[in-house]
2 protein chains.
Amino acid sequence: MLDPRESCTVCRGAPIDCAVCRVKELAICAVLSDEARRELAAIGASSRLETGETLFYEGDSATEVFTLTSGVLKLYKLLQDGRRQITGFLLPGDFLGLAFADRYICTAEAVTVATVCRFRRPAFLRLVHSHPRLEHDLLSRATSELAAAQEQMLLLGRKTAAERVASFLLKLETRLGGADGGRLDLPMTRTDMADFLGLTIETVSRTLSQFRRRGLIALSGKSTIFICDRERLAACAGG
Amino acid sequence: MLDPRESCTVCRGAPIDCAVCRVKELAICAVLSDEARRELAAIGASSRLETGETLFYEGDSATEVFTLTSGVLKLYKLLQDGRRQITGFLLPGDFLGLAFADRYICTAEAVTVATVCRFRRPAFLRLVHSHPRLEHDLLSRATSELAAAQEQMLLLGRKTAAERVASFLLKLETRLGGADGGRLDLPMTRTDMADFLGLTIETVSRTLSQFRRRGLIALSGKSTIFICDRERLAACAGG
DNA sequence: CGTAGACTTGAACACTGTCAACTTGAGTGG
DNA sequence: CCACTCAAGTTGACAGTGTTCAAGTCTACG
């Protein structure tokens with residue numbers, strides 16, 4: 001089931017702590033008793049995903065929910081002719097399963113090598129029902145996701161290409177923990193960025209080049225970006 | 001507090017039933033004890049909104065949550081220069097308050113004359129915490145909203161104008177209860193439709209005219225639409 | 001019956017998409 | 001170690017969908 005020594009992104013401590021830690025990834029550490037944490041850890045199974053591997057498909061019967069413990073995932077929906085909209089990128093600690101009724105409403109695919117902790121839905125739901133604080137935590141997660149979704153609707157419905165790309169870079173930097181001096185390692189391809197922002201790959205590329213020429217960012221390789229002038233970039237992002 | 005005789009959209013019965021009924025609008029009728037229902041009804045206050053009246057503004061301190069008991073509301077976000085994105089229309093029975101932390105993240109405005117039941121947040125949250133089934137119901141509401149938000153992202157990011165308008169008409173008909181023979185009374189203006197669909201008012205108008213010329217719909221007055229050929233309209237909506 | 005706001009229609013324009021060629025860079029094998 | 005390969009990304013020219021701006025038209029309401 002759980003191998004506590006493998007790719008735990010939060011604690012790097014003793015095995016038992018680490019098993020608990022997978023639960024911690026749900027951010028319910030503070031609200032659950034030790035016993036409840038162990039219950040949760042006991043029904044979870046760790047599983048590794050290669051880049052590009054699909055965790056589940058839109059329309060499949062939703063038999064499992066997951067927490068992402070390492071790597072990056074993308075969620076997307078497709079139109080019949082192949083047009084794609086990525087509805088979100090998931091980072092370690094994120095939960096997959098809030099928006100599922102009996103079927104998955106989107107496809108989940110690994111953007112990088114990733115590790116998830118799998119829970120069978122019936123067992124997970126039983127646990128949720130018997131631990132109101134867990135349900136409370138899930139509700140507060142759903143609330144944040146709704147807020148993010150509304151922000152994204154504003155971006156997709158009303159922002160220009162430059163505003164979309166600037167907003168994306170700044171938000172991603174924040175989510176990734178705004179490391180050293182504005183350095184930002186993009187885990188996803190231009191195609192993924194385009195499908196998230198409702199643009200084409202060419203427009204994303206041109207917009208990044210334009211930001212580079214204007215001195216707002218610097219590019220190094222294909223996936224490293226330095227935010228040189230956060231203030232002007234934020235101005236580009238619109239309000 | 002509650003005036004049971006005023007604009008109750010569910011039961012039209014005895015006053016006490018009607019007071020409970022406002023709670024019913026939360027769709028928690030089935031999961032709460034009579035006592036809990038009365039508790040909830042006791043902390044709710046009915047309030048009437050005129051067309052165009054604002055219930056709360058984005059950024060205001062979120063002191064209250066609401067259930068909509070009659071009429072239609074719109075939720076929207078603004079950019080600094082006035083561009084607007086409507087993130088959703090609310091119909092009777094819908095709950096306002098899932099996505100709020102300490103501040104409202106969007107503005108709520110009445111599309112038609114409307115009635116809401118107001119709950120002060122602290123009192124409501126106390127009640128939620130002491131009634132896990134209520135929290136469970138809220139989580140399931142949040143889940144549906146997330147699914148709807150993802151669908152809307154697909155629409156805004158990847159659908160053409162015609163697909164957006166067709167999708168909108170069909171979904172609205174379903175939500176309004178798909179009455180007699182495809183008749184659909186639009187409660188909102190073209191401007192609202194445009195701001196919901198990420199288009200301009202002119203494009204919405206042109207698209208409706210195009211559907212009319214092609215025999216998919218018929219227009220009567222400004223706000224009544226007949227869906228003449230649901231099948232071909234659905235084909236326009238894309239998949 | 002007149003007015004005002006909402007809606008429709010037309011024409012020109014612009015932003016972004018499409019198509020195509022080129023460049024870059026990471027990985028591979030000689 | 002270097003050339004090769006191929007996918008990913010960039011750039012350019014052009015086209016098209018949807019926007020902008022500007023008249024008109026309808027309709028509800030006083």
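Just so it is clear: chains get the letters A, B, ... in the order the sequence lines come, proteins before strands, and each one is counted from 1.
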Look for any protein N or O under 3.5 Å of an N or O in nucleotides 26-28 of chain D and output each such pair with its distance, or none.
none

Between protein and nucleotides 20-24 of chain D, what N or O pairs are separated by less than 3.5 Å?
unit_1	atom_1	unit_2	atom_2	d
D/dT20	O4	B/R206	NH2	2.8
D/dC21	N4	B/E202	OE2	3.1

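At least one donor-acceptor pair closer than 3.5 Å links the side chain of A/R158 to the backbone N or O of B/L199. For the pair A/R164 (side chain) and A/K159 (backbone), a donor-acceptor distance under 3.5 Å is present. For the pair A/T115 (side chain) and A/S70 (backbone), a donor-acceptor distance under 3.5 Å is absent. In this structure, the side chain of A/R190 does not engage the main chain of A/V204 through any donor-acceptor pair within 3.5 Å.
A salt bridge is defined here as a Lys NZ or Arg NE, NH1 or NH2 lying under 4.0 Å from an Asp or Glu carboxylate O, and B/E151 with B/K171 fails to meet this definition. One finds a salt bridge joining B/R84 and B/D192 here, because a Lys/Arg side-chain nitrogen approaches an Asp/Glu carboxylate oxygen to under 4.0 Å.
When all heavy atoms are compared, the tightest approach of A/T112 to A/T51 is C-OG1, 3.5 Å. The minimum heavy-atom distance linking A/K77 with A/C106 is given by the pair CG-CB, 4.0 Å. When all heavy atoms of A/R214 and A/C236 are compared, the closest pair comes out as NH2-SG, 3.6 Å. In plain terms, the two heavy atoms of B/D195 and B/Q85 that are nearest each other are O-NE2, 3.2 Å.
Within the nucleic acid shown, B/S205 comes within 4.0 Å of at least one base atom, counting heavy atoms only. Nucleic acid contact class of A/L208 (heavy atoms, under 4.0 Å, all strands): none.
With rounding to whole Å, A/F211 atom CZ is found 17 Å from D/dG9 atom C1'. Note: CG (B/L156) to P (D/dG18) measures 13 Å, nearest angstrom. Atom CD of A/Q210 and atom C1' of C/dC15 are 12 Å apart (whole Å). One atom, CD1 of A/I201, and another, C1' of C/dT23, lie 14 Å apart when rounded to the nearest Å. Following rounding to the nearest Å, A/R190 (CZ) and C/dG25 (C1') show an atom-to-atom distance of 13 Å. Straight-line distance from the CZ atom of B/R213 to the C1' atom of C/dT8: 10 Å, rounded to whole Å. Whole-Å rounding puts the A/L219 CG to D/dT11 C1' distance at 14 Å. Between the CG atom of B/L186 and the C1' atom of C/dC7 there is a distance of 13 Å, given to the nearest Å.
Residues B/T87 and A/L154 fail the side-chain proximity criterion, which asks for heavy atoms closer than 4.5 Å.
Side-chain N/O atoms of B/S209 include one lying less than 4.0 angstrom from OP1 or OP2 on C/dT9.
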Evaluation steps, side chain to side chain contact (heavy atoms under 4.5 Å, CB included), between B/V116 and B/L73: CA-CA 10 Å; B/V116 296; B/L73 298 188; 4.3 Å; yes
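Over its full length, the helix from C/dC1-D/dG30 to C/dG30-D/dC1 turns its helical axis through 30°, comparing axes from the five pairs at each end and rounding to 10°.
Nearest nucleotide to the B/R212 side chain, out of C/dT16, D/dG9, C/dT9: C/dT9.
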